[in-house]
Amino acid sequence: MTDHVEPASHPAPDPSDAHGSVYDGLLGGDPSHWAFGTDFEDPLAGVDTTIPEGVDARDLATYCLMLADDALIASQRLSQWTSRAPDLEEDIALANIALDLLGQARLLLARAAAADPTLVPALPEGSPVPPEDALAFFRESGEFRNVRLVETDNGDFAVTIVKLLVLATARLALLERLASSSDHVLAAVAAKGVKELTYHRDYAGRWFLTLARGTEESRRRLEAALAVVWPLQAELFATHEVERRVAAAGVGVDPATTADDVAVVLAQVFAVSGVEQPTQAALAGVQGRQGRDGLHTEALSLLLAEMQVVARAHPMGRW
Amino acid sequence: MTATDTAGTDPLQAGFDATIGHGDRIEPRDWMPEGYRRTLVRQVAQHAHSEIIGMQPEGSWIGRAPSLRRKAILLAKVQDEAGHGLYLYSACETLGVSRGELTEKLISGAQKYSSIFNYPTLTYADVGTIGWLVDGAAICNQVPLCRTSFGPYGRAMIRICKEESFHQRQGYELLMTMMRGTDEQRAMVQESVNRFWWPALMMFGPPDDESPNSAQSMAWGIKRNSNDDLRQRFVDMSVPQAQALGVTFPDPELRWNPERGHHDFGQPDWDEFMQVVKGNGPCNTQRIAHRRKAHEDGAWVREAATAYAAKQAAMATAGGAA
């Protein structure tokens with residue numbers, strides 16, 4: 001099979017004739033036992049993938065990257081809680097949310113690659129790395145289009161909850177509108193994502209209330225977390241040129257149009273929790289550039305260094 | 001048939017003995033000898049702790065998974081382990097010990113977990129090898145426990161074994177895929193198998209003649225097969241799988257013995273095993289420190305949830321009285 005692995009030195013009987021009982025379950029093909037997003041099928045099978053008229057393919061692809069990168073980087077951060085959460089139930093819940101966002105990211109990266117293959121980093125001739133992985137693992141930090149909110153450190157559980165509340169509320173409002181996109185793929189991804197994000201928002205909202213009304217310590221930490229996170233939320237509602245164009249084409253959503261609805265939801269959470277509306281100013285960009293332009297915090301390249309290290313060491317690898 | 005000496009004089013003991021004798025299940029509200037309860041708590045807690053500590057060696061690769069599909073698989077797998085820990089702590093709670101007490105015993109070192117998790121994961125191939133060999137060995141140990149005499153434990157094990165078998169398949173499939181990749185990937189798989197083969201064999205515990213708790217546990221129906229029997233079964237199953245994969249095991253004594261109808265194989269380094277069990281393994285300190293930090297860092301969150309629930313309950317009571 002290979003030229004450097006020794007041939008098996010110990011002959012054995014036919015594996016099918018005995019001792020197989022314990023492994024019977026391994027031979028079945030019941031896909032319901034597999035985690036979401038772990039199947040071998042084309043995730044966009046059955047969906048019309050033609051690019052709608054009136055939208056520039058590169059704009060569509062770039063827009064998909066923005067939506068994908070928010071989900072991918074948020075997922076990477078949330079998965080860092082695994083084995084570290086305050087209780088087993090929270091470990092499982094945060095992993096669920098990370099899995100949902102990862103699933104959304106994969107579909108959106110695949111859509112970006114299909115809409116404009118020139119955005120996919122070039123790999124050596126014959127590389128088996130699929131486009132979603134080329135985009136996730138072989139882009140530089142300046143090519144990531146996520147908002148800075150999702151890339152910053154998890155902080156304590158309060159920071160994570162406040163970040164998740166802001167992200168899930170904003171993304172839910174966006175995907176609710178995106179479900180009527182003239183792009184069938186985006187519409188399908190959005191419709192699926194709405195159900196997931198409704199749970200994410202509910203989870204974060206319940207914990208926000210619990211921390212606000214729990215102990216003095218939890219309230220102190222929650223208020224400190226709000227002060228850390230609030231400067232990062234405005235970027236979610238700042239309209240990038242690409243977003244403006246895809247919205248005009250009926251393919252995307254201008255995030256500024258969701259700002260009022262999101263503010264109402266958050267104000268309600270604050271009111272129920274007895275927490276004052278934060279007033280911290282928005283985090284400035286650099287020469288007007290922010291996350292959507294590829295201008296990030298120092299945290300992103302460190303996050304990517306971890307995320308990309310194995311994939312980059314094996315550009316011809318099969319996984 | 002039991003090792004207790006009060007059988008026949010005490011009707012409770014006699015009823016218990018009869019249940020065990022018929023191969024029926026003991027349920028939480030049934031009378032049980034104190035030694036049986038204590039042994040079960042020890043075994044189920046150790047199993048639960050193994051699931052929770054077992055999240056760490058693989059969990060450390062979630063952030064570095066080399067494809068998004070593998071990231072999803074690994075994240076879901078480690079999440080399943082947290083779920084297994086939850087079922088098993090719940091089974092233990094039916095014996096009158098809380099999850100909080102058990103966690104304290106884990107991080108104080110009073111209770112053990114499977115020594116395999118005190119070995120480091122050094123490459124992404126280890127994720128596959130742990131699925132194939134470590135989960136495979138765990139399944140060999142655990143499938144007989146689906147018939148164990150204590151009902152909640154047996155029922156938890158049925159669900160756990162189903163999920164473990166998928167983890168094993170996923171691990172083996174990862175290694176298969178890597179073997180179809182580059183020379184570097186094939187070498188990575190072989191190196192990983194070389195490192196995990198002996199620790200996987202150690203997972204069945206010491207040889208039968210040196211296993212202090214086995215006889216009583218077998219008599220009580222808590223344990224169903226001897227360590228050496230299960231180890232033999234695992235070796236016999238794994239050899240053809242290694243051949244299909246294209247890797248070898250690092251054991252010069254490993255060969256088919258047609259007279260026995262089994263493979264002969266060498267012994268793991270039991271001195272190393274004892275060192276790891278005693279706490280001197282490569283990762284013992286790290287694993288417990290990680291778990292302790294998560295537990296302590298999360299204390300204020302658990303306290304907040306308890307305080308909030310108490311306030312809600314008080315309000316509900318006040319509202320109900322009004």
Side-chain angles (χ1 to χ4, degrees), chain A residues 1-2 4-6 8-15 19 22-23 25-26 33-38 76 79-80 82-92 95-96 98-99 102-103 105-106 132-133 136-137 156-157 210-211 213-215 217-218 221 306-307 309-311 314 316-319, chain B residues 55-56 59 62-64 66-73 75-76 78-79 82-83 85-86 124 139-140 143 162 165-166 168-169 177-187 190 233 236-237 239-243 246-248 254-256 263 290 294 298 300-305 307-308 311:
Chain A
M1 179 176 284
T2 73
H4 72 281
V5 175
E6 295 167 7
S9 60
H10 24 72
D14 178 356
H19 312 303
V22 167
Y23 290 85
L26 302 180
H33 290 84
W34 292 73
F36 168 73
T38 58
Q76 178 79 5
S79 68
Q80 291 174 342
T82 300
S83 79
R84 294 181 175 85
D87 221 335
L88 291 177
E89 288 82 352
E90 271 37 77
D91 222 295
I92 291 169
N96 256 334
L99 275 166
L102 179 55
R106 293 181 63 192
E132 64 172 48
D133 290 335
F137 298 105
D156 65 7
F157 188 69
T210 302
L211 297 182
R213 301 276 189 194
T215 61
E217 172 71 357
S218 67
R221 285 178 181 258
E306 180 189 18
M307 189 175 96
V309 61
V310 180
H314 302 274
M316 297 297 286
R318 282 182 198 278
W319 308 100
Chain B
M55 295 169 71
Q56 293 178 36
I62 294 170
R64 290 173 284 174
S67 77
L68 297 181
R69 178 171 160 266
R70 289 296 171 195
K71 191 188 287 290
I73 290 172
L75 187 48
V78 177
Q79 184 192 37
L86 263 183
Y124 204 77
I139 293 166
C140 284
V143 164
K162 283 185 185 168
S165 77
F166 280 93
Q168 201 211 13
R169 164 169 127 171
T177 307
M178 289 179 69
M179 293 300 285
R180 290 197 300 269
T182 63
D183 287 347
E184 289 83 2
Q185 288 184 292
R186 283 184 282 275
Q190 181 65 60
R233 189 181 299 177
D236 288 340
M237 287 190 300
V239 167
Q241 294 178 339
Q243 286 185 315
V247 299
T248 57
L254 183 61
R255 62 181 55 83
W256 176 245
H263 291 85
H290 180 117
W300 69 271
V301 179
R302 297 190 300 274
E303 284 159 15
Y308 179 69
K311 286 176 193 174

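So that the names make sense, note that chain A is the first sequence line, chain B the second, and so on, each numbered from 1.
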Among B/Ile62, B/Leu86, B/Val78, which residue forms the greatest number of heavy-atom pairs with chain A at distances under 4.5 Å?
B/Leu86

Given a strict heavy-atom distance threshold of 4.5 Å, which part of A/Ala136 is in contact with chain B: side chain, backbone, both, or neither?
side chain

Here the pair of heavy atoms bringing A/Thr215 nearest to B/Ala307 is CG2-CB, 3.8 Å

Heavy-atom pairs under 4.5 Å with chain B are the metric here; pick the option from A/Gln80, A/Glu90, A/Met316, A/Gln76 that has the most.
A/Gln76

Pick whichever of B/Ala294, B/Gly181, B/Gly63 has the most heavy-atom pairs under 4.5 Å with chain A.
B/Gly63

Heavy-atom distance under 4.5 Å between the side chains of A/Arg84 and B/His290, does that happen here?
yes

Name all residues meeting the side chain to side chain donor-acceptor pair (under 3.5 Å) criterion together with A/His314; count only those two or more places apart in sequence or in a different chain, and write none if there are none.
none

State the OG1-CD distance between A/Thr82 and B/Gln79, to the nearest 0.5 angstrom.
8.0 Å

Side chain / backbone / both / neither for A/Phe157 at chain B, heavy atoms under 4.5 Å:
both

Picking from B/Gly59, B/Gly85, B/Ser67, which has the most non-hydrogen pairs under 4.5 angstrom with chain A?
B/Ser67

Please classify the contact of A/Ala105 with chain B as side chain, backbone, both or neither, using a heavy-atom distance under 4.5 Å.
neither

Listed partners of B/Arg64 passing side chain to side chain contact (heavy atoms under 4.5 Å, CB included), at least two apart
A/Glu306, A/Val309, A/Val310, B/Ser60, B/Trp61

Heavy-atom closest pair (A/Trp319 atom, B/Pro66 atom, distance to 0.1 Å) is CD2-CG, 3.3 Å

